[in-house]
There are 2 protein chains.
Amino acid sequence: MKKESNITIHDIAKALGISGSTVSRALNNNSRISDKTKKAVRDMAKTLGYQPNALASNLRTSCTNTIGVIIPRISRYFFSSAITGIEEFAREKGFNVIICQSNDQKERESDCVQTLFASRVDGVISSVALNTDNYDHYKTFTNKNIPLVFFDRVCDELETSKVVVDDFKGGFLAAEHLISKGCKRIAHISGPQHLNLYINRLQGYLKAMRKHNIQIDKDQIIESPLNREDGLACAKKLLESSNPPDAIFAANDTTALSIILYAKDKGIRIPQDLAVVGFSNEPFSEYLSPSLTTIEQSGFDVGLKATELLLDIIQNKTGNRQETIVLPVRLIERESSNKLPN
Amino acid sequence: MKKESNITIHDIAKALGISGSTVSRALNNNSRISDKTKKAVRDMAKTLGYQPNALASNLRTSCTNTIGVIIPRISRYFFSSAITGIEEFAREKGFNVIICQSNDQKERESDCVQTLFASRVDGVISSVALNTDNYDHYKTFTNKNIPLVFFDRVCDELETSKVVVDDFKGGFLAAEHLISKGCKRIAHISGPQHLNLYINRLQGYLKAMRKHNIQIDKDQIIESPLNREDGLACAKKLLESSNPPDAIFAANDTTALSIILYAKDKGIRIPQDLAVVGFSNEPFSEYLSPSLTTIEQSGFDVGLKATELLLDIIQNKTGNRQETIVLPVRLIERESSNKLPN
DNA sequence: AAAAAGCAGACAATCGATTGCACAATTCAA
DNA sequence: TTGAATTGTGCAATCGATTGTCTGCTTTTT
């Protein structure tokens with residue numbers, strides 16, 4: 001009923017008449033221990049129901065076998081998929097994962113950094129908050145040589161590895177797709193320009209436009225925080241202008257959703273009057289009416305890759321590298337852009 | 001560049017010419033230490049940039065200040081919201097959270113139990129996998145007196161506390177709402193009957209039917225694993241019968257979605273020919289066409305409450321109690337049931 | 001003024017696994 | 001046969017914070 005006195009390596013040692021250090025080495029498969037002893041130790045460990053005390057081991061080795069994750073919000077599908085990828089890989093390698101949410105606020109992000117640091121995680125994977133414009137708090141990690149890998153929303157200021165999707169190509173595919181559907185006046189709603197991924201999506205869009213000699217109108221490119229409300233405002237601004245676009249490429253699905261809702265409300269037909277393409281392939285995009293054409297990016301793969309990279313740095317003690325891994329994206333054609341080229 | 005030798009309580013002690021134990025007690029606000037000394041210690045700690053080493057403390061106290069969470073899948077909105085609630089509360093109280101996903105498989109759930117146990121978490125919050133029909137693996141915790149709280153998908157076999165939403169009322173509200181809209185033949189697609197929450201939703205539905213003297217037809221109540229595919233099969237079965245229902249109450253939104261997709265495909269008008277109500281208020285339900293009437297349940301609140309309960313058990317060492325907290329639900333009326341009573 | 005009580009702080013053991021070094025036993029080379 | 005090399009284990013210190021017990025000093029009580 002009380003504390004079951006836990007089995008320690010010393011109990012095993014006593015049972016076998018050997019020393020604790022030998023047991024420890026045997027369990028860690030140290031080459032200095034004979035196979036016979038190793039087997040005896042392992043068998044006895046099983047018999048006694050030994051459970052290693054990670055705490056003690058952590059204290060001695062100052063490795064926690066834990067990685068920290070900082071994400072804006074877990075309830076966004078892309079991030080929860082990323083978490084799944086991170087966990088999958090980390091657990092398989094014997095690492096635990098501690099997750100912190102910044103709620104897209106820089107201050108909370110700083111708190112997350114502190115929490116993870118105090119938990120003495122062996123490494124950190126992060127996707128920065130929307131309004132993070134300065135990365136000093138991350139120096140808590142880099143100063144102490146704690147490996148750090150960014151994903152999706154990455155930070156260029158710090159010398160770390162990064163995992164992103166091919167946002168440039170995504171932007172390009174989206175725009176070219178709209179062009180192929182005969183759209184002539186293609187607007188783009190972009191995100192905060194201090195984040196690479198939005199810059200890249202925009203650049204991809206611009207490249208497609210140039211490639212096909214479509215005139216680029218600065219009024220048709222607007223920056224937005226990409227939430228529901230601002231999406232409506234952007235839709236209004238674009239669609240009520242004297243020369244409205246015949247297509248909009250939104251830098252995320254949430255904004256594309258706002259556009260669709262706005263258009264429905266105003267009797268603008270999609271895709272006939274206005275074609276729409278989003279970005280991310282959020283789960284809801286498939287069920288919208290019309291369903292949303294979008295760029296698929298695999299959160300799972302991004303998480304997996306980031307973890308692979310991080311654990312490699314941790315285990316090989318190579319120090320923070322500056323590798324950048326770019327994962328592929330894919331255009332998913334649905335109804336919102338399904339019109340005949342005219 | 002190498003290991004910055006970390007500041008320990010002994011460094012503080014040396015700097016002040018006092019002993020380590022005094023520093024420890026001062027930092028823990030022990031009453032045996034004078035205010036003057038406490039202040040001196042705290043100031044010095046700040047000056048030196050002292051960061052307590054949780055590992056050492058954990059080892060000594062055998063408390064990890066960490067709670068474990070086992071959930072089916074983090075990518076489902078209800079669960080990610082619950083996680084947010086759990087984290088919010090736990091962090092505020094100085095606890096870390098380790099999350100494990102069972103992917104709705106009993107075997108993985110067992111693995112999660114082992115992982116969390118090996119991590120020596122101070123307590124566990126769990127929502128069981130769909131196919132878990134036996135709870136022996138959870139005894140790993142109960143045997144060692146590790147507090148355990150279930151939420152949403154709870155287990156009655158073990159003597160633990162539980163947090164659920166009012167599924168019975170939800171079922172009742174859903175059915176009564178359909179009745180108020182003039183529906184006469186109301187089908188119900190329920191979930192696995194070894195899970196209380198589906199039993200309760202069903203019972204709520206039955207009570208409403210009885211209250212309003214609507215005939216209950218056993219053929220109109222079917223059990224389903226409640227996924228996309230099976231939802232289509234259920235829809236087909238119900239709607240192609242010789243006497244199809246004029247309303248369906250599905251035990252989750254995913255199944256309701258399947259019904260809507262099936263009906264669209266077959267030219268069945270919603271809500272005129274068929275009214276539909278789901279359960280959960282998943283984010284997509286708002287954007288469907290027609291938008292989905294559903295029962296809202298707050299994952300966040302459930303997570304918060306479960307954590308409150310768990311931390312209370314941990315901190316007051318009251319042992320596992322058997323409290324059951326029931327949180328409210330709410331009907332959200334949308335288009336899929338918006339027809340005039342006939 | 002002597003005894004009792006209270007206070008502030010120090011000492012040292014402890015949590016359990018790891019690891020540098022020492023040492024014994026065995027094998028091998030010369 | 002002796003010295004060297006190799007192999008298998010044990011000893012004891014260590015990681016850093018916590019905590020039961022003890023000490024010396026101050027205050028209070030009678």
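Each chain gets a letter, A, B and so on, in the order the sequences are listed, and its residues count up from 1.
Atom CG of B:Asp35 and atom C1' of C:dA8 are 12 Å apart (whole Å). The distance between atom CD1 of B:Ile18 and atom P of D:dT23, rounded to the nearest whole Å, is 21 Å. The CG atom of A:Asn58 sits 18 Å away from the P atom of C:dC15 (whole-angstrom rounding). Atom CG in B:Asn29 sits about 13 Å away from atom P in C:dG9, given to the nearest Å. Atoms CG (A:Leu16) and C1' (D:dG10) sit 15 Å apart, rounded to a whole Å.
Residues passing the ring pair (Phe, Tyr, Trp, His ring centres under 6.0 Å) test with B:Phe79: none are found, sequence neighbours excluded. Evaluation of the salt bridge (Lys or Arg N to Asp or Glu O under 4.0 Å) rule for B:Lys39 yields B:Asp43 as partners, not counting sequence neighbours. By the salt bridge (Lys or Arg N to Asp or Glu O under 4.0 Å) test, B:Glu88 pairs with A:Arg108, sequence neighbours left out.
The base of D:dT23 has none of its N or O atoms less than 3.5 Å from a complementary donor or acceptor on the side chain of B:Arg32.
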Strictly under 3.5 Å: I want the nitrogen or oxygen pairs between protein and nucleotides 16-18 of chain D, one per line.
from: D:dG16; atom 1: N2; to: B:Ala56; atom 2: O; distance (Å): 3.3
from: D:dA17; atom 1: OP1; to: B:Tyr50; atom 2: OH; distance (Å): 2.7
from: D:dA17; atom 1: OP1; to: B:Asn53; atom 2: N; distance (Å): 3.4
from: D:dA17; atom 1: OP2; to: B:Ile9; atom 2: N; distance (Å): 2.6
from: D:dT18; atom 1: OP2; to: B:Ser24; atom 2: OG; distance (Å): 2.9
from: D:dT18; atom 1: OP2; to: B:Asn28; atom 2: ND2; distance (Å): 3.1
from: D:dT18; atom 1: O2; to: B:Arg60; atom 2: NH1; distance (Å): 2.1

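Note on A:Asp35 versus A:Arg42: no salt bridge recorded, every NZ/NE/NH1/NH2 to OD/OE distance being 4.0 Å or above.
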Per-pair distances, 0.1 Å, donor-acceptor, side chain in residues 112-123 of chain A, under 3.5 Å, sequence neighbours excluded:
from: A:Thr115; atom 1: OG1; to: A:Asp111; atom 2: O; distance (Å): 2.9
from: A:Ser119; atom 1: OG; to: A:Thr115; atom 2: O; distance (Å): 2.9
from: A:Ser119; atom 1: OG; to: B:Asn96; atom 2: ND2; distance (Å): 2.8
from: A:Arg120; atom 1: NH1; to: B:Pro52; atom 2: O; distance (Å): 3.2
from: A:Asp122; atom 1: OD1; to: A:Thr64; atom 2: N; distance (Å): 3.0
from: A:Asp122; atom 1: OD1; to: A:Thr64; atom 2: OG1; distance (Å): 3.2
from: A:Asp122; atom 1: OD2; to: A:Thr64; atom 2: N; distance (Å): 3.2
from: A:Asp122; atom 1: OD2; to: A:Asn65; atom 2: N; distance (Å): 2.6

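An OP1 or OP2 oxygen of C:dG9 is reached within less than 4.0 angstrom by no side-chain nitrogen or oxygen of B:Thr22.
Applying the ring pair (Phe, Tyr, Trp, His ring centres under 6.0 Å) test to residues at least two apart or on different chains, the pairs with a partner in residues 128-149 of chain B are B:Tyr138-B:Phe150.
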